[in-house]
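What follows is a single structure, written as structure tokens, with notes after it.
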Amino acid sequence: MGDKVSGSVSTSSTTSSAIPMDSEEQLEQQQLATSCGYSQHMQQANLGDGVATARLLSRSDWGARLPKSVEHFQGPAPYVIIHHSYMPAVCYSTPECMKSMRDMQDFHQLERGWNDIGYSFGIGGDGMIYTGRGFNVIGAHAPKYNDKSVGIVLIGDWRTELPPKQMLDAAKNLIAFGVFKGYIDPAYKLLGHRQVRDTECPGGRLFAEISSWPHFTHLNATEGVSSTAAPVVPHVHAQAAAPQTPHQSPPAAPKV
């Protein structure tokens, strides 16, 4: 059964990426087709203010189940979309973050019936990067953008608090690595989930932060929030309860 997101269903597990690949990249894509695995350490990429590296953990590291199927999209991704998980809450130790990734995969695969965890990558409060579906794999995180984006979820609720520096740095490093390796278009557009769907995600505080990052893009009306009825969402965000109108009842009879 494929991911049902805004009418799009992923069914193929054999479609290959059109990115020209050297032998190392071919090996990475072969690993991706089976377990979305990448090198344990991201290669160095110049971030403008120096050279940085970040730790990239494979699916096997966090105990992922195999995807039901894998479908690739062609070419470097023109969009990077930032999410928060809301639930699970922020994790600060690697074992906790690994469990959070498993919990999200359980929800998406077992309850939603999707092929896999919806996101391309997860970022933990431990500063680690957790491989989800990986690069150039159609996701289930943003209707109309799943086949042309990298979806990055920062684990936690970032409506009122800012993620710690190690999480923000890891997200930036991951994007730089994707550009460096050719998985992300150098002219990519950075978006928050709320720009393409009616949701609080990635939380007001995180959205304000990414609005200052390079490549952040304001979409026009035709590019923005989908108005399709009841799209499938990868996670549930708490909504403020609607105020209750007091029930008007006749005065109680006096006690005698």
Whether the Gln105 and Asp116 side chains hold a donor-acceptor pair (N or O, under 3.5 Å, no angle test) is what I'd like checked. yes

How about Leu162 and Glu209: do any of their side-chain heavy atoms sit closer than 4.5 Å? yes

If you compare all heavy atoms of Ser85 against all heavy atoms of Val153, which two are closest, and at what distance to 0.1 Å? N-CG2, 3.5 Å

Would you call Arg194 and Cys201 a side-chain contact if the rule is heavy atoms closer than 4.5 Å? no

Spacing of Asp147 atom CG and Tyr79 atom OH [to the nearest 0.5 Å]: 10.5 Å

Would you call Gln109 and Lys68 a side-chain contact if the rule is heavy atoms closer than 4.5 Å? yes

Are the side chain of Ser100 and the backbone of Glu96 linked by a donor-acceptor contact shorter than 3.5 Å? yes

Phe207 and Phe216 aromatic ring geometry - parallel, tilted or perpendicular at 30°/60° bounds: perpendicular

Could you check whether Arg112 pairs with Asp106 (Lys NZ or Arg NE/NH1/NH2 to Asp/Glu carboxylate O, under 4.0 Å)? no

Does the side chain of Thr217 come within less than 4.5 Å of Leu191's, by heavy atoms? yes

Hey, does Tyr86 have a side-chain heavy atom less than 4.5 Å from the side chain of Arg159? yes

Interatomic spacing from CD1 in Ile152 to CE in Met167 - rounded to 0.5 Å: 11.5 Å

Using a 4.5 Å cut-off on heavy atoms from C-beta on, say whether the side chain of Leu57 contacts that of Ile129. no

pair Asp61-Thr94: side-chain heavy atoms closer than 4.5 Å: no

Contact list for residues 153-194, test disulfide bond (SG atoms under 2.5 Å apart), sequence neighbours left out: none

Side-chain touch Arg55/Met128, heavy atoms, less than 4.5 angstrom: yes

Are the ring centres of His193 and His141 closer than 6.0 Å? no

Pair Tyr188 + Tyr183: ring centers closer than 6.0 Å: no

So, Lys99 and Asp103, do they make that salt bridge, N to O below 4.0 Å? yes

